[in-house]
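Inspection log for the structure reproduced underneath, given as structure tokens.
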Protein chains: 2
Amino acid sequence: MMRDSRLSSVLHGLLHMIGAGEPVTSEQLAQAMATNPVVVRRVMAGLREQGLVHSEKGHGGGWTLERDPADITLAEIYRAVGAPTIVAIGHRSENPGCLVEQAVNDALGDTFREVEALFLKRLGAVTLDALAKDFKRRLAKHKQNLEDQIHAAK
Amino acid sequence: MMRDSRLSSVLHGLLHMIGAGEPVTSEQLAQAMATNPVVVRRVMAGLREQGLVHSEKGHGGGWTLERDPADITLAEIYRAVGAPTIVAIGHRSENPGCLVEQAVNDALGDTFREVEALFLKRLGAVTLDALAKDFKRRLAKHKQNLEDQIHAAK
DNA sequence: CATCATGTAACATATGAAGTTACATGATGC
DNA sequence: GCATCATGTAACTTCATATGTTACATGATG
């Protein structure tokens, strides 16, 4: 099954925006996200509607973060990109009259709901800021590794 | 997103088989599952490979359950139908060199794995027999309701 | 007013589940 | 033996949907 990567994609873009400090164009984001500017605008439009980001036209325009990253959870971002289907497995039909179907749907349906709840709970526990800090840690470690290699080569 | 309904579908078929007591043809199962005989064979083939069901050709042939329903969990059936993707949300790319991507994938990846583990755990806790008994309870209750209606109408 | 950037519609592509057709294989009953 | 029934499977079509692309309108900047 083709998996929806809008959340992953937009997070990538947001981290870039946090690091930038000035408006980032769709063109730049598209390059960072390895996609097309139109796709960027499409997915970012959802975030703008929720007041998470702001867009500006013309020279010096582009996308900026509208709220404090420490107050934005991944769950909120997930909803902003359209709250795509979480569980890729489903019923053959909803609202079935068949008793067999009801038994099956009940057994699976409870599991689906539980799984979705866990997913949202986990996303709700991570802020954009936490993600950005994690990235910075990786960056610092990466630089350290490079330096270590240089020293070792001396 | 179009959700994979093979698990739901095959459970429906298996409950029918349990009730039957004799080989059930793909044609009959297709009718019960509101689909096509070829689709039934396709999905049942996975169960046969795992030794869960048996198929017989010719007159009086069809599908029979090969193992005790009390020993078959929904998790096993899920794997037998090909272990389709559980989480409909994914990464833009696997094995990225980009550090931003790594941070994002790590944060989401942990959640995905947790969610999938919960899904399998829940399915592993339900046996086919439990599902069949649940159905029988519904059936009994349904019959009772019908009788009550008849008595009330007298 | 030329340029830059977003906004959006319309269309194209890709993937994968599900449905369908066609024919081969094998078992049963007469 | 052979007609019939049922599975086995390949090949194709259909459908939904995320993603990619093209084209053009709108609005801001210098």
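- One finds no side-chain N or O of B:T35 lying less than 4.0 angstrom from the OP1 or OP2 phosphate oxygen of C:dA18.
- The residue among A:G60 and A:R41 whose nearest nucleotide of DNA chain D lies closer to the 5′ end is A:R41.
- There is no side-chain donor-acceptor pair under 3.5 Å between B:Q144 and B:H142.
- Straight-line distance from the CD atom of A:Q31 to the C1' atom of C:dA5: 16 Å, rounded to whole Å.
- Under 4.0 angstrom from either OP1 or OP2 of D:dG8 there lies at least one side-chain N or O belonging to B:S55.
- Pairing of D:dG30, defined by two Watson-Crick or G-U wobble distances under 3.5 Å, is identified with C:dC1.
- No hydrogens or angles were tested; on distance alone, a donor-acceptor pair under 3.5 Å links the side chain of B:R42 to the base of C:dG19.
- The side chain of A:W63 has C:dT6 as its nearest neighbour among C:dT6, D:dA18, D:dG20.
- Side-chain contact between A:L128 and A:L65 is present, with heavy atoms from C-beta onward closer than 4.5 Å.
- The NE2 atom of A:H59 sits 17 Å away from the P atom of D:dG27 (whole-angstrom rounding).
- Atom CZ of A:R92 and atom P of C:dG19 are 5 Å apart (whole Å).
- Here C:dA5 presents its P atom at 15 Å from NE2 of A:H54, a figure rounded to the nearest Å.
- When the P atom of D:dA18 is taken as reference, atom CG of A:L7 falls 14 Å away, rounded to whole Å.
- One N or O donor and one acceptor, one from the side chain of A:K57 and one from the base of D:dT26, sit under 3.5 Å apart.
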Problem - Chi angles and distances behind the salt bridge (charged side-chain N to carboxylate O under 4.0 Å, His left out) call for B:E27, B:R41 - result: CA-CA 10 Å; B:E27 189 73 50; B:R41 290 189 195 113; 5.9 Å; no
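- For the pair B:L29 CG and D:dT7 C1', the computed distance is 12 Å after rounding to whole Å.
- Comparing D:dA6, C:dA9, D:dT9 by their closest approach to the side chain of A:V38 singles out C:dA9.
- Annotation: of the two residues near DNA chain D, A:N36 and B:G62, the 5′-most nearest-nucleotide partner is B:G62.
- In this structure C:dA12 sits in a base pair with D:dT19, meeting the Watson-Crick or G-U test at under 3.5 Å.
- Going from atom CZ of B:R3 over to atom C1' of D:dA18 covers 16 Å, rounded to whole Å.
- B:H151 and B:Q149 share no side-chain donor-acceptor pair at under 3.5 Å.
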Problem - From CA spacing to verdict: side-chain hydrogen bond (donor to acceptor under 3.5 Å, both in side chains), B:R92, A:S8 - result: CA-CA 6 Å; B:R92 162 152 294 278; A:S8 163; 5.8 Å; no
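- One atom, CZ of A:R48, and another, P of C:dA5, lie 17 Å apart when rounded to the nearest Å.
- Neither OP1 nor OP2 of C:dA5 sits under 4.0 Å from any side-chain N or O of A:T25.
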